[in-house]
Amino acid sequence: MSFSTLNIYSTTTRQLQWAAARQKILNQNIALANVPGAKALDLKPLPSFGSFVLKESSEDCTLKKGLFSQRFKTFALKGNHHLSGNTIDAEEQLKLTNENVLFNKQVLSIRQKFSEIFSMIV
Amino acid sequence: MSSFISSAGMSRHLNSFANLHISAAGMKINRLSMKLISENIANAQSTAQAPDRNPYQRKMLQVTNKLDPELGVPLVQVDKFVLDKKEFPRVYRPGDPGADEKGFVKQSNVDLIIENHDMRQANYLYRMNLSAYENTRSMMLSVINMINKK
């Protein structure tokens with residue numbers, strides 16, 4: 001695995017997009033926390049960073065593969081059903097948004113570190 | 001190529017202003033709920049003005065999740081204001097102008113305990129939405145900061 005084969009930019013971009021899309025879903029959940037019948041949703045997780053980087057770089061994921069047109073899949077979270085049919089637990093959702101912010105920061109720092117390394121090499 | 005991908009991806013990431021609108025719409029609904037609850041509490045002691053008339057009827061908010069055509073995301077919105085159909089409690093007050101021939105007056109169907117509970121819930125959800133809003137904002141700011149550093 002050479003350094004040049006790692007497509008860090010597209011991988012981290014994809015992860016940032018995923019974090020933004022997940023934030024949207026989680027915000028939606030919190031906004032609907034008091035609405036009868038509303039179901040808690042979440043995004044399916046992305047593969048782990050290492051496998052994702054390798055897969056992305058080996059497949060040469062670029063615009064032609066529709067990197068930016070891909071949509072993330074959602075799934076319904078299991079939760080206690082309220083009498084109204086609402087399955088949203090607001091505290092749980094807030095916890096997930098906090099986790100998502102940390103994930104976003106983590107991806108950004110990885111990206112920044114690689115930018116610094118690349119700038120030293122080039 | 002990779003820098004092109006990254007800038008395109010970044011702009012899309014920043015296009016998540018809609019995420020802020022989702023939380024803001026939630027806060028708006030909570031604020032309206034609080035307003036309605038305040039109105040209910042203020043009128044809780046009201047009675048019928050005449051035997052054939054009804055006193056203040058408890059108001060409730062019905063919300064729905066509709067797609068906002070401009071933003072392209074579903075936002076929680078007010079569907080309609082509805083009146084509580086619960087029966088009016090009657091109190092014996094023979095001298096009241098609103099009393100019927102047996103001396104009973106219809107009172108507002110607002111239950112202060114329920115209103116208090118609803119108010120706490122609205123307040124709590126408002127804070128939850130505000131925290132979600134702040135989290136989204138911090139995510140966006142960290143991306144902006146990273147772009148600035150480049």
Side-chain angles (χ1 to χ4, degrees), chain A residues 4 6-38 57 60-63 67-69 88-91 93-109 111-112 114-116 118-119, chain B residues 1-30 33 61-65 71 73-77 79 118 121-122 124-125 127-143 145-147 149-150:
Chain A
S4 59
L6 294 173
N7 205 339
I8 294 295
Y9 283 111
S10 64
T11 306
T12 49
T13 300
R14 182 82 177 139
Q15 286 179 323
L16 291 172
Q17 285 171 354
W18 180 83
R22 191 178 189 218
Q23 193 70 13
K24 188 188 286 181
I25 299 276
L26 298 174
N27 284 356
Q28 194 83 54
N29 286 344
I30 294 173
L32 294 173
N34 207 15
V35 177
S57 14
D60 185 25
C61 75
T62 47
L63 290 173
L67 179 70
F68 302 114
S69 61
I88 300 168
D89 181 351
E91 292 94 349
Q93 297 304 314
L94 194 60
K95 190 196 85 181
L96 294 176
T97 61
N98 281 319
E99 281 177 12
N100 201 37
V101 172
L102 290 177
F103 173 77
N104 190 68
K105 282 186 178 164
Q106 192 183 4
V107 174
L108 283 173
S109 15
R111 196 183 166 99
Q112 202 177 338
F114 270 90
S115 292
E116 286 167 16
F118 277 126
S119 63
Chain B
M1 188 65 176
S2 60
S3 62
F4 170 67
I5 292 170
S6 64
S7 56
M10 285 293 112
S11 64
R12 184 170 167 171
H13 186 78
L14 287 174
N15 197 21
S16 58
F17 282 111
N19 294 3
L20 294 174
H21 283 271
I22 294 170
S23 297
M27 283 193 275
K28 189 181 169 189
I29 291 292
N30 299 139
S33 296
L61 198 64
Q62 248 184 23
V63 295
T64 181
N65 199 25
L71 293 167
V73 289
L75 295 182
V76 61
Q77 290 166 14
D79 190 20
D118 286 354
Q121 198 174 29
Y124 170 73
L125 289 173
R127 280 187 281 143
M128 285 281 174
N129 276 308
L130 186 62
S131 301
Y133 185 95
E134 282 168 355
N135 280 343
T136 309
R137 188 172 161 271
S138 104
M139 264 175 80
M140 292 171 74
L141 279 178
S142 50
V143 174
N145 286 340
M146 200 202 67
I147 292 169
K149 277 181 188 172
K150 275 187 178 176

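Hydrogens, waters and symmetry mates are skipped; everything else that's a heavy atom, side chains included, is used.
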[X] versus [Y]: any side-chain heavy-atom pair under 4.5 Å?
X: T136(B); Y: L26(A); result: no
X: V35(A); Y: V76(B); result: yes
X: S142(B); Y: N104(A); result: yes

Are N19(B) and Q28(A) close enough that a side-chain donor and a side-chain acceptor fall under 3.5 Å?
-> no

Taking atom types as modelled, find out whether N135(B) and N100(A) have a side-chain donor-acceptor pair closer than 3.5 angstrom.
-> no

Heavy-atom nearest pair, G26(B) first then A31(A), reads CA-CB, 4.0 Å

Taking all non-hydrogen atoms of both residues into account, name the closest pair between Q23(A) and A132(B) and its distance.
-> NE2-O, 3.8 Å

Say you draw a straight line from [atom1] of [X] to [atom2] of [Y]; how long is it, rounded to the nearest 0.5 Å?
X: M128(B); Y: N34(A); atom1: CE; atom2: CG; value: 12.0 Å
X: M139(B); Y: L108(A); atom1: CE; atom2: CG; value: 8.5 Å
X: M146(B); Y: S115(A); atom1: CE; atom2: OG; value: 6.5 Å
X: T97(A); Y: E134(B); atom1: OG1; atom2: CD; value: 10.5 Å

So, the part of L32(A) with a heavy atom under 4.5 Å from chain B: the answer is side chain

Go through the atoms of E91(A) and report whether side chain, backbone, both or neither lie under 4.5 Å from a heavy atom of chain B.
-> both

Of the backbone (N, CA, C, O) and the side chain (C-beta and beyond), which part of Q121(B) lies under 4.5 Å from a heavy atom of chain A, both, or neither?
-> side chain

Mind jotting down which residue pairs meet the salt bridge (Lys or Arg N to Asp or Glu O under 4.0 Å) criterion with at least one end in residues 18-37 of chain A? Sequence neighbours excluded, please.
-> R22(A)-D42(A)

